[in-house]
Q: 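I'd like to ask you about the structure that follows.
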Amino acid sequence: MRIIAGVLIIGLSLQAQAADKSGNYAIWGKGQKSCFRYLQDRSAAEDEPYKNYIMGYLTAYNAITPETYSISRNMKLDEIMTWLDDYCDSKQMHGIEQSMLEFIGSHYEKRYRRPPGRTGR
C-alpha cells in the first residue's frame with residue numbers, strides 16, 4: 001500500500017508538468033477501468049483493489065494540494081464508495097480516474113484545510 005501511495009504522490013505531483021501539450025497523461029491501475037467494470041466488480045465483491053486505488057489517490061491529492069488536509073473531510077471509505085457507486089451508475093462509460101476528479105471537484109470547497117479541531121477549516 002505504501003508503494004501505491006508513493007507512486008500516486010509522485011505521479012500526481014508531476015501531473016501538471018508531465019502531461020502532454022493537450023493535458024493528457026498516463027493512468028495506472030484501477031484508474032484505467034470504466035465505471036461499468038467497477039460496478040460489475042463491486043457487485044461481485046471484487047472491489048478491494050478499487051478501495052486501495054481510491055485511498056492512494058486521495059492521500060496523494062491531500063499530500064500535494066495546498067491548503068488541503070482532507071479532500072473528503074470526515075467521510076469514511078464506505079461513504080466514498082457509495083458516492084462512487086452513485087456516480088458510476090449514472091456515468092458508466094467514465095473511467096475511475098475521471099470519477100475521482102469529479103469527486104475532488106465536488107468536494108473541494110468543503111475540504112478540511114487543516115486537521116479537525118484547528119481553526120480556519
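Numbers here simply count residues along the sequence, with the first being 1. Here the structure is a predicted model, which is why all the values come from computation and not from measurement.
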Q: Does a side-chain heavy-atom distance below 4.5 Å link Tyr57 with Leu101?
A: yes
Q: Find the distance between NZ (Lys110) and CG (Asn74) and round it off to the nearest 0.5 Å.
A: 11.5 Å
Q: For the residue pair Met81 and Ile54, what are the closest heavy atoms and their distance?
A: SD-CD1, 3.5 Å
Q: Are Glu46 and Gln40 packed together at the side-chain level, in the sense that at least one heavy-atom pair is separated by less than 4.5 angstrom?
A: no
Q: For the NE2 atom of His94 and the CD atom of Gln92, what is their distance to the nearest 0.5 Å?
A: 11.0 Å
Q: As an exercise, state the distance from NZ of Lys51 to CG of Leu77, rounded to the nearest 0.5 Å.
A: 6.0 Å
Q: Identify the two heavy atoms, one from Pro49 and one from Lys30, that lie closest to each other, and give their separation to 0.1 Å.
A: CB-CE, 3.5 Å
Q: Who passes side-chain contact (heavy atoms from CB on, under 4.5 Å) against Thr82, sequence neighbours left out?
A: Asp86
Q: Taking the side chain as C-beta and beyond, is there a heavy-atom pair between Ile80 and Met55 under 4.5 Å?
A: no
Q: Do Trp28 and Glu97 make a side-chain contact, defined as non-hydrogen atoms from C-beta onward lying under 4.5 Å apart?
A: no
Q: Restricting to side-chain contact (heavy atoms from CB on, under 4.5 Å), what partner residues turn up for Ser34, sequence neighbours left out?
A: Phe36, Arg37
Q: Enter the distance from Cys88:SG to Trp83:CH2 here, rounded to the nearest 0.5 Å.
A: 8.0 Å
Q: Do Tyr87 and Gln98 have side chains that get closer than 4.5 Å, going by heavy atoms?
A: yes
Q: Are the side chains of Asn62 and Ile71 in touch, meaning some heavy atoms are under 4.5 Å apart?
A: yes
Q: So Met100 and Leu58, do their side chains get closer than 4.5 Å, heavy atoms only?
A: yes
Q: Do the two ring centres, one from Tyr50 and one from Tyr38, sit under 6.0 Å apart?
A: yes
Q: Using 30° and 60° as the class boundaries, would you call the ring planes of Phe103 and His107 parallel, tilted or perpendicular?
A: parallel
Q: Applying salt bridge (Lys or Arg N to Asp or Glu O under 4.0 Å), which residue pairs with at least one partner in residues 53-65 are found, sequence neighbours left out?
A: none
Q: Roughly how far, to the nearest 0.5 Å, is the CG atom of Asp78 from the CE atom of Met75?
A: 10.0 Å
Q: Could you tell me whether the side chain of Ser99 and the main chain of Ile96 form a donor-acceptor pair under 3.5 Å?
A: yes
Q: Given 3.5 Å as the limit, does a donor-acceptor pair link the side chain of Glu67 with the main chain of Arg113, or not?
A: no
Q: May I ask you to test the Asp41-Lys33 pair for a side-chain heavy-atom distance under 4.5 Å?
A: no
